Q: 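Take a look at the following structure, please.
Keep in mind the model is a prediction, meaning the values are calculated, not measured.
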Amino acid sequence: MGISAGNLRDRITILRPKVVGRAGTGERVIEYEPVATVRAQVLQQRSAKAFNNGENWYPTARSFRLRMPPEVKGGWRIIHRGDTYVTLPAKVFTRDGFQEVDCELLSE
């Protein structure tokens with residue numbers, strides 16, 4: 001199973017965490033810096049439907065497929081159409097040259 005360029009219709013911006021210091025309470029202060037803006041395929045729109053394998057998806061869930069690199073890690077941020085998503089650990093399919101990234105809408 002590969003990915004064709006015609007499926008990469010959406011643009012996403014990938015942000016990685018960067019510790020910039022500590023707050024007065026001792027907590028780490030984290031900012032997010034852009035890693036790349038890439039084209040991606042949206043696999044799962046916001047929906048309450050279940051996939052064929054029985055996974056339940058919530059209205060705030062979304063899954064993206066993109067070519068590698070960059071390799072996205074869990075806890076990173078993805079911006080898509082003005083919404084910010086927090087990434088779950090990525091499923092990386094290096095054999096096929098792409099990765100799928102599952103995300104949850106970040107409510108701030």
Side-chain angles (χ1 to χ4, degrees):
M1 168 172 60
I3 185 170
S4 70
N7 290 335
L8 302 172
R9 295 185 184 108
D10 291 279
R11 277 201 167 301
I12 62 171
T13 300
I14 301 168
L15 308 167
R16 71 173 160 221
K18 176 182 174 184
V19 177
V20 293
R22 297 218 175 251
T25 60
E27 294 182 33
R28 293 184 304 168
V29 175
I30 299 174
E31 290 182 358
Y32 291 87
E33 61 183 359
V35 175
T37 298
V38 298
R39 298 194 73 70
Q41 176 184 9
V42 178
L43 297 176
Q44 175 65 24
Q45 301 285 343
R46 294 180 194 169
S47 131
K49 296 180 182 175
F51 283 145
N52 290 338
N53 64 2
E55 290 182 38
N56 289 319
W57 280 79
Y58 299 97
T60 57
R62 183 160 288 175
S63 186
F64 300 98
R65 180 180 288 158
L66 54 137
R67 291 184 193 262
M68 294 179 69
E71 184 176 333
V72 179
K73 310 276 188 211
W76 288 23
R77 303 289 190 257
I78 289 181
I79 298 174
H80 176 253
R81 295 187 180 173
D83 290 329
T84 302
Y85 296 86
V86 61
T87 62
L88 305 174
K91 297 182 265 181
V92 180
F93 298 95
T94 56
R95 178 186 77 238
D96 296 329
F98 69 92
Q99 64 182 327
E100 289 181 11
V101 182
D102 296 332
C103 302
E104 184 72 24
L105 185 64
L106 184 66
S107 56
E108 294 186 32

Q: Is Val35 close to Trp76 at the side-chain level, that is, under 4.5 Å between some pair of heavy atoms?
A: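 Yes. Closest side-chain heavy atoms under 4.5 Å.
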Q: Using the salt bridge (Lys or Arg N to Asp or Glu O under 4.0 Å) rule, collect all pairs that involve residues 17-38, keeping only residues at least two apart or in two chains.
A: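 Qualifying pairs, neighbours excluded: Arg16-Glu33.
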Q: With sequence neighbours left out, what residues match Ile12 under side chain to side chain contact (heavy atoms under 4.5 Å, CB included)?
A: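 With sequence neighbours excluded, Ile12 shows a side chain to side chain contact (heavy atoms under 4.5 Å, CB included) to Ile14, Val38, Ala40, Phe64, Leu66, Ile78, His80, given in chain and number order.
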Q: Any side-chain to backbone donor/acceptor pair from Arg77 onto Gly75? Under 3.5 Å, distance only.
A: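 Such a contact is found between Arg77 side chain and Gly75 backbone.
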Q: So, Ser63 side chain and Leu43 main chain: donor-acceptor pair closer than 3.5 Å or not?
A: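 Not confirmed, Ser63 side chain does not pair with Leu43 backbone.
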Q: Keeping the roles fixed (side chain from Thr87, backbone from Cys103), state whether a donor-acceptor pair exists under 3.5 Å.
A: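 Side chain of Thr87 to backbone of Cys103, a donor-acceptor pair under 3.5 Å: no, none is there.
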Q: For Thr25, enumerate each residue passing the side chain to side chain donor-acceptor pair (under 3.5 Å) test, keeping only those at least two apart in sequence or located in another chain.
A: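 In terms of side chain to side chain donor-acceptor pair (under 3.5 Å), with neighbours along the sequence ignored, Thr25 is linked to no residue.
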Q: Pro34: what forms a side chain to side chain contact (heavy atoms under 4.5 Å, CB included) with it, not counting sequence neighbours?
A: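 Side chain to side chain contact (heavy atoms under 4.5 Å, CB included) check on Pro34 returns Leu15.
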Q: Identify the heavy atoms of Arg39 and Arg9 that sit nearest to each other, and give their distance.
A: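 Heavy atoms only, the tightest pair is NH2-O, 3.3 Å.
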Q: Counting only N and O atoms by type, is there a donor-acceptor contact under 3.5 Å from the side chain of Arg65 to the main-chain atoms of Gln41?
A: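 No: the side chain of Arg65 does not pair with the backbone of Gln41.
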